[in-house]
Amino acid sequence: MSSALIADLRARGLLFQLAGEEALPGWLDGGMRTLYCGFDPTADSLHIGSLVPLLTLQRFQRAGHRPIALVGGATGLIGDPSFKAQERQLNTPEVIAGWVDRIRDQVSRFIDFDAGPHSALVVNNLDWTQGMDVLTFLRDIGKHFSVNAMVQKESVRQRIEREGAGISYTEFSYMILQALDFAELAGRHDCTLQLGGSDQWGNITAGIDLARRLHGKQVFGLTLPLITKADGTKFGKTESGTIWLDPARTSPYAFYQFWLGAADADVYRFLRFFTFLDVAEIEALERADAGRQGRPEAQGVLAREVTRLVHGDEGLAAAERITRCLFEGDLAMLSAEDFAQLRLDGLPASALDRATLPGSLTQALVEAGMAKSGKQVKDALGSGAVLVNGQPLSWEDNADPAGCFAAARALHGRFYLVRLGKKKYHLFEAP
RNA sequence: GGAGGGGUUCCCGAGUGGCCAAAGGGAUCAGACUGUAAAUCUGACGCGAAAGCUUCGGUGGUUCGAAUCCACCCCCCUCCA
């Protein structure tokens with residue numbers, strides 16, 4: 001049934017560590033198994049860092065197993081210290097509860113709830129922790145943990161040993177809560193495998209120990225690699241910040257563009273991590289690209305596949321429509337309807353009132369969110385990197401926003417597509 | 001409670017009375033080169049179109065002048081009790 005799954009995960013580079021390596025493939029082959037991965041609410045949306053575990057849950061489900069997505073309504077109240085340099089600020093229970101709802105909906109889109117016996121579940125660890133009193137926790141759970149062992153965990157070591165850091169008892173207790181989750185799910189749902197990022201190893205093994213002590217059960221753990229970029233910069237961030245899964249935070253267009261911009265040195269690895277394409281297919285694509293002149297096709301495939309997974313066919317269509325218009329088409333070819341569609345598709349846009357324009361172009365573009373400061377716009381103007389409907393502006397135009405947005409310059413009498421640099425676009429629409 | 005160390009611009013990290021809007025590195029932005037890639041090179045990088053304005057945990061003070069000195073307060077770390 002699925003030692004093939006393990007082989008596939010390995011071929012994709014998705015296996016970082018395995019707890020119970022000898023027994024796990026056989027265990028998975030022996031029947032439908034239940035596995036889980038936790039997602040803590042640290043914001044009202046997950047970001048692409050959570051995509052790898054989400055898709056891995058789906059890979060297991062496709063292989064005939066039953067996935068549980070756990071939303072950390074309880075653990076989110078505490079904060080995971082694993083490999084975090086500093087103690088984190090606590091959010092109020094109300095805020096966390098709101099985030100839990102959002103995250104629950106989000107994770108639900110990545111697993112199938114209508115798959116017969118291996119239909120997915122979503123659970124919230126608040127359900128079995130909020131009713132537990134302190135003494136029960138300390139006597140029944142805490143007694144199974146050795147502080148000596150806990151302080152040895154790599155994940156909290158720097159917080160304990162490093163000068164200038166430190167860790168509160170609250171955060172230190174986090175791993176006990178997560179261990180309790182695993183033990184609880186092992187008891188409730190016969191869950192025998194936990195997935196997580198490589199930073200979760202310490203928490204996962206703590207859970208494995210607790211499940212054995214509490215239920216006498218052997219359970220397994222699997223960690224996924226940290227996604228890195230070849231150039232050493234952090235994966236998942238761009239100039240405009242984190243890439244979120246929520247379309248209201250990161251539009252499908254921006255999302256698509258993010259993947260399209262993947263470096264050659266990363267893209268084939270990303271295809272293995274973030275898509276369901278066969279490893280053989282990806283290898284074939286890599287070979288084909290190597291023999292091709294100029295631009296490889298891999299980035300396009302990656303952007304298409306991942307955008308479809310996260311935003312569906314419609315989101316993908318919108319993203320591709322915008323991309324075609326901005327990077328491949330001729331602006332003059334666009335109809336008024338096309339412009340309206342671009343706005344609907346999620347191209348950054350705002351209304352423009354010619355009567356109340358600010359005193360300078362820098363201010364206008366900063367207000368529209370195209371740049372963080374006027375200096376950046378100034379710099380771009382100086383190098384001819386600001387274009388209105390395809391016409392470059394110069395530094396002299398800065399004091400004359402009315403001229404820049406003159407009616408004569410508008411397309412279809414009201415649209416101004418402003419480009420700053422190579423990739424930043426903003427659509428202004430006059431009434 | 002006691003002793004010591006520390007809080008600098010997004011991050012790391014120099015700076016101990018004027019030459020400091022504050023070294024250096026990273027990240028980021030723009031340009032050149034390209035393939036909406038990487039590497040490399042160039043410029044920018046507190047805010048402001050500019051004049052100028054506001055920063056170095058907080059509040060006061062000393063001084064012609066303070067990130068730098070003093071007082072008090074807040075927060076963090078280490079060791080001791």
Side-chain angles (χ1 to χ4, degrees), chain A residues 81 84-90 156-168 171 228-243 253-271 285-286 288-304 307 319-320 322-329 347 357-367 369-387 392-404 418-426:
Chain A
K84 300 282 190 323
Q86 285 188 323
E87 184 84 10
R88 295 211 284 180
Q89 191 77 39
L90 291 177
V156 293
R157 205 146 178 185
Q158 61 164 328
R159 288 280 290 279
I160 290 169
E161 290 178 356
R162 186 184 166 203
E163 178 96 5
I167 184 168
S168 68
E171 283 196 4
T228 56
K229 290 206 294 178
D231 65 8
T233 57
K234 197 168 178 170
F235 170 78
K237 301 268 187 188
T238 64
E239 72 276 12
S240 39
T242 305
I243 305 295
Y253 162 69
F255 189 85
Y256 179 89
Q257 285 287 326
F258 169 79
W259 296 104
L260 201 59
D264 293 4
D266 294 320
V267 70
Y268 304 99
R269 236 168 6 102
F270 289 177
L271 281 165
L285 177 63
E286 183 165 9
D289 276 342
R292 211 188 306 276
Q293 288 297 312
R295 188 175 188 177
E297 280 185 6
Q299 281 86 349
V301 174
L302 177 68
R304 206 154 44 239
T307 305
E320 290 190 313
I322 297 178
T323 297
R324 264 199 309 279
C325 288
L326 298 185
F327 293 96
E328 288 161 35
L347 182 71
L357 280 170
S360 64
L361 191 66
T362 47
Q363 203 181 334
L365 298 193
V366 169
E367 279 175 14
M370 290 193 79
K372 282 181 191 140
S373 74
K375 284 259 174 62
Q376 287 183 3
V377 179
K378 178 185 171 181
D379 186 35
L381 277 169
S383 52
V386 180
L387 290 81
L393 300 180
S394 71
W395 177 234
E396 284 72 51
D397 293 310
N398 185 44
D400 181 27
C404 300
V418 177
R419 185 178 129 185
L420 193 165
K422 276 198 190 91
K423 300 182 197 175
K424 276 190 289 250
Y425 286 92
H426 191 97

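Naming convention: chains lettered A, B, ... in sequence-line order (proteins, then strands); numbering from 1 in each chain.
Atom P of B/rC10 sits at a distance of 33 Å from the matching atom of B/rG1, rounded to the whole Å. Straight-line distance between the C1' atoms of B/rG7 and B/rC73: roughly 14 Å, to the nearest whole Å. Taking atom C1' on both B/rA27 and B/rU34, the two are 23 Å apart, rounded to the nearest angstrom. For the P atoms, the distance from B/rG25 to B/rA14 is 15 Å, rounded to whole Å. For the P atoms, the distance from B/rC77 to B/rA44 is 40 Å, rounded to whole Å. Distance noted for atom P between B/rU59 and B/rG5: 25 Å (whole Å). Comparing the C1' positions of B/rG18 and B/rG13 gives an interatomic distance of 24 Å, to the nearest angstrom. B/rU9 and B/rU42: their C1' atoms are spaced 24 Å apart (whole Å).
The base of B/rU36 lies outside donor-acceptor range of the side chain of A/Gln299, with no N or O pair under 3.5 Å. Side-chain N/O atoms of A/Lys424 and base N/O atoms of B/rU36 include no donor-acceptor pair closer than 3.5 Å.
Regarding A/Leu271, its CG atom lies at a distance of 18 Å from the P atom of B/rA37, rounded to whole Å. Rounding to whole angstrom units, CZ of residue A/Phe235 and P of B/rA27 are separated by 17 Å. Distance A/Ile167 CD1 to B/rU78 P: 11 Å, rounded to the nearest Å. Here the C1' atom of nucleotide B/rU34 and the NZ atom of A/Lys423 are 12 Å apart, to the nearest Å. Between A/Leu387 atom CG and B/rU36 atom C1' the separation is 15 Å, expressed in whole Å. A/Phe255 has its CZ atom 22 Å from the P atom of B/rU36, to the nearest Å. As a whole-Å value, the separation of A/Leu420 CG from B/rU28 C1' is 14 Å. Remark: C1' of B/rG35 and CD of A/Gln257 are 14 Å apart, rounded to the nearest angstrom.
Among the protein residues, A/Ala399 comes within range of no part of the nucleic acid, since none of its heavy atoms lies under 4.0 Å from any strand. Using a 4.0 Å heavy-atom criterion, one finds that A/Ala263 contacts the sugar-phosphate atoms exclusively. In this structure, A/Ala262 reaches the sugar-phosphate backbone alone: every heavy-atom distance under 4.0 Å involves primed, P, OP1 or OP2 atoms, never a base.
Both A/Gly421 and A/Arg324 lie near RNA chain B, and the one whose nearest nucleotide falls closer to the 5' end is A/Gly421.
The base-pairing partner of B/rU40, taking Watson-Crick or G-U wobble contacts with both distances under 3.5 Å, is B/rA32. Nucleotide B/rC72 is matched to B/rG58 when pairs are restricted to Watson-Crick or G-U wobble geometry with both distances under 3.5 angstrom. Summarising the base pairing, B/rA67 is matched to no nucleotide, lacking a Watson-Crick or G-U wobble pair whose two defining distances lie under 3.5 Å. With a cut-off of 3.5 Å on both pairing distances, B/rG17 has no Watson-Crick or G-U wobble partner at all. Across all strands shown, B/rA3 forms a Watson-Crick or G-U wobble pair with B/rU78, both key distances being under 3.5 Å. Across all strands shown, B/rC53 pairs with B/rG46; the Watson-Crick or G-U wobble distances both stay below 3.5 Å. The base-pairing partner of B/rA22, taking Watson-Crick or G-U wobble contacts with both distances under 3.5 Å, does not exist among the strands shown.
Side-chain contact between A/Val156 and A/Glu171 is absent, with no heavy atoms from C-beta onward closer than 4.5 Å. Residues A/Tyr425 and A/Cys325 are not in side-chain contact: their nearest non-hydrogen atoms beyond the backbone lie 4.5 Å or more apart.
Checking B/rA30, B/rA27, B/rG35 against the side-chain heavy atoms of A/Thr233 singles out B/rA27 as nearest. Relative to the side chain of A/Asp231, the nucleotides B/rA38, B/rU36, B/rA30 differ in distance, and B/rA38 lies closest.
Scored by the side-chain contact (heavy atoms from CB on, under 4.5 Å) test, A/Pro358 finds A/Gln363, A/Ala364, A/Glu367 as partners (sequence neighbours excluded). For A/Ala263, the side-chain contact (heavy atoms from CB on, under 4.5 Å) partners are A/Asp266, not counting sequence neighbours. Take A/Phe270 and apply the ring-ring contact (aromatic ring centres under 6.0 Å, His included) test, not counting sequence neighbours, and it matches A/Phe235, A/Phe274. Every side-chain contact (heavy atoms from CB on, under 4.5 Å) that A/Pro401 has, sequence neighbours left out, goes to A/Leu357.
Formation of a donor-acceptor pair under 3.5 Å by the A/Asp289 side chain with backbone atoms of A/Ala298 is found in this model. Judged purely by atom type and a 3.5 angstrom limit, A/Arg304 has no side-chain atom pairing as donor or acceptor with the backbone of A/Glu320.
Regarding contacts with the backbone of B/rU34, every side-chain N or O of A/Arg295 stays at 4.0 angstrom or more from both OP1 and OP2.
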Acceptor/donor pairs from residues 376-386 of chain A side chains to any protein atom, 3.5 angstrom cut, sequence neighbours excluded:
residue, atom, partner, partner atom, Å
A/Gln376, OE1, A/Lys372, N, 3.4
A/Ser383, OG, A/Asp379, O, 3.3
A/Ser383, OG, A/Ala380, O, 3.3

Exercise. How does protein reach along nucleotides 40-53 of chain B, written 5' to 3' as B (base within reach of a heavy atom under 4.0 Å), S (only sugar-phosphate), or - (no contact)?
Worked result: ---B---BBSS---
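Between A/Leu365 atom CG and A/His426 atom NE2 the span is 8.5 Å, to the nearest 0.5 Å.
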